[in-house]
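Report on one structure; see the data block that follows.
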Amino acid sequence: MRTDTFKGRDLLTLLDWSKEEVAQILNLALDFKRDRAIGRLHDDILRAKTLFMLFYNQSLRTRNSFEAGMTQLGGHAHFLDPDKIYTPALEGKEVAYSTERVSDVARVLSRMGEALAIRCYGDPVEWEYGAANALLHEFARWSDVPILNMEDDKYHPFQALADVLTVKEKFGTFKGIKFVMSWAYSPSAHKPRAVPQSAVIAATLMGCDTVLAHPPEMALDPEVIAACEANAAMNGSGFEISHDFMSAAQGAHVLYPKAWAATPIFKPPVGEDSIEQAQKAFDSYKEWKATAEYMELGDRNAIYMHCLPADRAWEVSNQVIDNTDPQSGWRSVVYDEAENRLHVQKAVMALTM
Ligand code: CP
């Protein structure tokens, strides 16, 4: 296949990328992973290039995997705190000498670096669902260099690439793999939908038999569901929605239980702008927790996945998340999954920048 189709591309959502392109990213990521293990360097690929990273939210994995990845490819990742520059803002949301219009920020940074990566969801956009995604699209409209989505309020494409890379590594195939993306309980209702939405898009795109399990109050974006149905039809694979935590896990190869927002937390028209209602919905499902009993329902070689950070003792027991022994039947692969962020991001940066 052609590889020059990647150069200069934004990665805002995997909905814009084909199955063949994702497969190529995963293959390159595995090459980079193998080469790093044997000490083969690739520090000429992005030499003297700069990735600007604009973080409206906190991060451990995303920031450090992009920074380490740029170092390993010979370039530099530059951290930007929106409160320490003139906060990039859309027209109509500007404050004099405190914000700077996105169209100006994007064009200035495009003159200085080779890509701009952005994380924005939740509080910075006051839980107005889609507002952060719109911000990233505005950056993409004005930027001359690739815009990379480090998680917005709809999508977390690099997490999803790491997720499917982990499935590929563990099972060697996507065909016939039952991938269960499930809601799980957390005391914090402030959780974006980006991870589950991107995970089900990626799993269905690659051909997994995908099950989305959640209480009725935690439904995902109808556009995402429609895309998953289309992906499953394209691949001749399955896509189902379940409201039963335990029965959804039956026979699963991949169990990925994590909390995400209940619909009431979002501003109208999507939700009711009510943290009280969102919290009440969360607290109704405390039994949605990854325990050994839950893992036993899956395939004998089932893997437990989580994007991290996990809310231990609520979303998952220590027994499950810490059982990383590959000889033990079902097991946790969360640290492999976290490491794979590095490899997929290097692949995308090498191809797009
Ligand atoms: N999974 C993930 O994106 O982690 P961080 O929030 O630490 O970046």
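For this chain, numbers begin at 1 and follow the sequence in order. Read the numbers this way: they start at 1 and go in the same order the structure lists the ligands and their atoms. Below, each value reflects all heavy atoms present in this structure, side chains not excepted, and no hydrogens, waters or symmetry copies.
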Contact table ligand 1 N or O to protein N or O, d under 3.5 Å:
| from | atom 1 | to | atom 2 | distance (Å) |
| --- | --- | --- | --- | --- |
| ligand 1 | 1 (N) | Q159 | OE1 | 3.0 |
| ligand 1 | 1 (N) | C307 | O | 3.0 |
| ligand 1 | 1 (N) | L308 | O | 2.9 |
| ligand 1 | 3 (O) | T62 | OG1 | 3.0 |
| ligand 1 | 3 (O) | R119 | NH2 | 3.0 |
| ligand 1 | 3 (O) | H156 | NE2 | 2.9 |
| ligand 1 | 3 (O) | R341 | NH1 | 3.2 |
| ligand 1 | 4 (O) | R61 | NE | 2.9 |
| ligand 1 | 4 (O) | L308 | O | 3.4 |
| ligand 1 | 6 (O) | R119 | NH1 | 2.9 |
| ligand 1 | 7 (O) | L60 | N | 2.7 |
| ligand 1 | 7 (O) | R61 | N | 2.9 |
| ligand 1 | 7 (O) | R61 | NE | 3.1 |
| ligand 1 | 7 (O) | R61 | NH2 | 3.0 |
| ligand 1 | 8 (O) | S59 | OG | 2.6 |
| ligand 1 | 8 (O) | T62 | N | 2.9 |
| ligand 1 | 8 (O) | T62 | OG1 | 2.6 |
| ligand 1 | 8 (O) | R119 | NH1 | 3.3 |
| ligand 1 | 8 (O) | R119 | NH2 | 3.2 |

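Using cut-offs of 30° and 60° for the angle between ring planes, the W288 and W183 rings count as perpendicular.
A cation-pi arrangement is found for R193 relative to Y129, the charged atom lying closer than 6.0 Å to the ring centre and inside a 45° cone about the ring normal. Cation-pi check for K289 over Y185 is not met; the charged atom does not lie both under 6.0 angstrom from the ring centroid and within 45 degrees of its normal.
Within the 3.5 Å criterion, the main-chain N or O of L11 finds no donor-acceptor partner in the side chain of N149.
Side chain to side chain, T166 and N340 meet the donor-acceptor criterion of an N or O pair below 3.5 Å.
Aromatic ring centres of Y294 and F245: separated by under 6.0 Å.
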